[in-house]
Amino acid sequence: MTVAMPRLTARRFALRPPRPPIAAATVVLGLALTAVAWPSLFAADPLAADPLHVLEAPSAAHWFGTDQLGRDVFDRVVHGARHSLSIGVAATVIAVGAGILLGLLAGLTHRAADEVLSRGFDALAAFPLVLLALLFIAIAGTGTVSLIVAIGIATLPHHARVVRAQTLVVRQAPYVTHAVAFGASRTRLVLRHVLPNVLGPIPVLAMIGLGEAVLIAAGLSFLGLGPQPPSPEWGAMLSEGRGYLHIAWWASVLPGCAVTATVISLTVIGRHLQNRFEGRHQ
Amino acid sequence: MIGAVARRAGSGLVVLWAAATAAYLALLAAPGDVVDSIIGDGADSPQIRAQIIAEWHLDRPAVVQYLDYLWRAAQGDLGRSYLLQRPVRDVIGDQLAPTVRLAVAAAVFGVVLALILAVVTRGRWARRVSSTAELVLVSTPPFLIGIVLLSVFSFRFGMFPVSGDRGWAALVLPAVTLGLPIAGVLTQVLRDGLDRALDEPFAVTARARGLTERSVLVRHGLRHSLLPAVSLLGWLFGALIGGSVIIEQVFGRPGLGQVTLQAVSGSDMPVVLAVVVLAAAAFVVVNTAADLAYLIIDPRLRRS
């Protein structure tokens with residue numbers, strides 16, 4: 001079986017990704033979080049226009065160059081972290097919260113309710129994310145809040161399915177049977193015995209889901225359905241910069257790189273944690 | 001076999017009905033007055049309002065309107081666009097071709113690239129480079145890929161048109177943009193499948209029969225690795241639809257994406273609903289095709 005040997009080592013290697021990417025991802029996420037918490041630490045006013053320095057290439061004075069109004073692109077990217085990431089976090093919170101609630105409902109109530117909810121999750125999960133979000137925005141109108149709710153609803157089924165599956169396992173567990181035998185109330189059963197034991201995989205899922213949410217949020221605000229100019233949201237900046245692409249690539253490409261770096265970091269760390277805590281490949 | 005297909009078609013119809021109903025409920029739930037949406041910026045007077053209500057049958061009970069809507073949808077009549085004042089079927093029909101062209105080109109590009117990458121990058125270093133590239137592609141917003149390609153190949157080298165849909169040259173960059181993230185995901189799945197297949201006893205047997213490594217890979221391994229990839233067909237389709245909305249905007253292409261986007265921004269609900277129902281219909285077809293593809297790829301499934 002000498003043929004199979006290199007394959008085995010390759011597999012083991014895949015289980016434990018190399019360290020440098022994880023370190024890099026941690027640094028990028030740290031920077032992003034600092035930018036969210038305290039943008040003025042690195043950057044000046046993102047709205048300060050300077051008509052004398054319009055569409056200038058990256059230089060020592062303007063690290064990422066300037067845009068069509070002479071605003072510093074670096075300042076805008078740093079301040080944009082707060083907009084883009086908070087949309088992603090809020091959407092993920094909605095997805096996780098509603099997912100836990102609906103998953104518990106499906107796992108604990110009647111079989112008929114479970115069937116209806118599960119089919120609902122299937123249908124939601126099967127439908128293109130962007131289209132679902134567009135449908136919701138068409139009904140609720142454009143704007144940051146409806147963007148957040150739209151992404152939250154569109155990404156909810158994944159969490160709900162995992163919680164439902166965990167619930168079905170946990171409700172059979174001996175400690176739950178014992179609690180029932182001891183006469184624990186329904187509320188106590190759910191809150192003290194079931195809920196804490198179904199939440200295990202959620203933090204890691206939420207982290208990977210956050211990357212996805214940031215990505216979709218950037219896409220939808222690129223389409224003009226999120227925060228409106230002049231707010232320095234990454235997707236909206238790309239969309240503004242698209243019109244000047246022939247003379248100033250930096251005004252659109254560099255904010256896009258900020259999205260990519262953030263999402264890659266979240267994915268790398270999320271997958272790493274998933275491998276460590278669940279011993280599962282991918 | 002025929003029974004299975006019939007069952008599939010039946011559940012497909014149920015899914016379609018559910019999608020149409022959900023879409024209709026969404027229309028009812030939408031805030032704002034339908035009459036206002038239809039009038040838009042046009043002339044407004046009580047007479048015009050009364051005329052619109054009569055013309056669109058808005059004075060009938062909701063249940064009657066719903067049944068009427070289902071009946072017309074079953075006949076292929078998807079209503080009239082509020083904004084464009086044209087039948088939705090014509091609006092969509094006009095714009096379907098460019099989007100289908102884009103989606104097909106992107107799918108072919110993505111799938112072929114993924115197959116080549118999964119087969120070629122077997123060595124340790126090639127695999128590492130390719131995995132990194134896949135991670136980057138999957139995590140990059142599609143519009144950024146498009147903008148980078150545009151600025152390099154259209155603006156710097158002038159090789160492709162900047163926008164529009166004239167000729168095949170205009171299709172290249174959008175298709176590549178849409179296909180790259182798809183290739184990223186598919187390559188990962190195919191590679192995992194190949195790894196698993198080549199650990200199986202039949203791979204050892206094939207090697208023992210004296211087959212070259214490449215032929216073991218292509219003739220035996222690939223077929224097995226296709227199974228998990230086929231289950232991604234539904235996802236692939238969703239990625240194509242969702243992606244084309246964004247890609248068409250980046251490249252200024254006409255198409256369904258532009259129509260959808262205008263309808264969403266203008267609350268043109270009949271068009272939005274038609275797109276949703278159409279996507280659901282296409283989705284049912286794709287998933288049925290995926291189930292049939294399983295039977296073609298895996299003879300073991302045909303027997304049971």
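Residue numbering restarts at 1 for every chain, and letters A, B, ... go by the order of the sequence lines.
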Inset, instruction - Against chain B, work out which of A:Val253, A:Thr260, A:Leu132, A:Leu129 has the most heavy-atom pairs shorter than 4.5 Å and name it. - result: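 Among the listed options, the one with the most contacts to chain B is A:Thr260.
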Legend entry - Among A:Ile137, A:Val259, A:Leu238, A:Thr267, residue most engaged with chain B (heavy-atom pairs, under 4.5 Å):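 Between A:Ile137, A:Val259, A:Leu238, A:Thr267, the count favours A:Leu238.
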Which atoms of [X] approach chain A - backbone, side chain, both or neither, heavy atom under 4.5 Å:
{"X": "B:Thr260", "answer": "side chain"}
{"X": "B:Leu261", "answer": "side chain"}
{"X": "B:Ala203", "answer": "neither"}

Legend entry - Portion of A:Leu131 that has a non-hydrogen atom of chain B nearer than 4.5 angstrom: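 Side chain of A:Leu131 only, per the 4.5 Å heavy-atom cut-off to chain B.
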Inset, instruction - With a 4.5 angstrom heavy-atom cut-off, could you sort out which part of A:Ile264 is near chain B: side chain, backbone, both or neither? - result: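 Answer is both: backbone and side chain atoms of A:Ile264 are under 4.5 Å from chain B.
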Legend entry - Check: A:Arg242 side chain, B:Ile147 main-chain N or O, donor-acceptor pair, under 3.5 Å: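 Between the backbone of B:Ile147 and the side chain of A:Arg242 there is no qualifying donor-acceptor contact (under 3.5 Å).
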Inset, instruction - Kindly state each residue pair satisfying side-chain hydrogen bond (donor to acceptor under 3.5 Å, both in side chains) with at least one member in residues 216-228 of chain A, sequence neighbours excluded. - result: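 Matches after skipping sequence neighbours: A:Ser221-A:Glu233.
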Inset, instruction - Compare every heavy atom of A:Val130 with every heavy atom of B:Gly242, then report the nearest pair and how far apart it is. - result: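 Where B:Gly242 meets A:Val130 most closely, the heavy atoms are CA-CB, 3.8 Å.
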Inset, instruction - Go through B:Val148, B:Val276, B:Val272 and name the one with the most non-hydrogen pairs under 4.5 angstrom from chain A. - result: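 Among the listed options, the one with the most contacts to chain A is B:Val276.
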I'd like a table of donor-acceptor pairs (distance under 3.5 Å, sequence neighbours excluded) in which one partner is a side-chain atom from residues 135-145 of chain B, with atom names and distances.
unit_1: B:Ser139; atom_1: OG; unit_2: B:Leu135; atom_2: O; d: 2.9
unit_1: B:Thr140; atom_1: OG1; unit_2: B:Val136; atom_2: O; d: 2.4

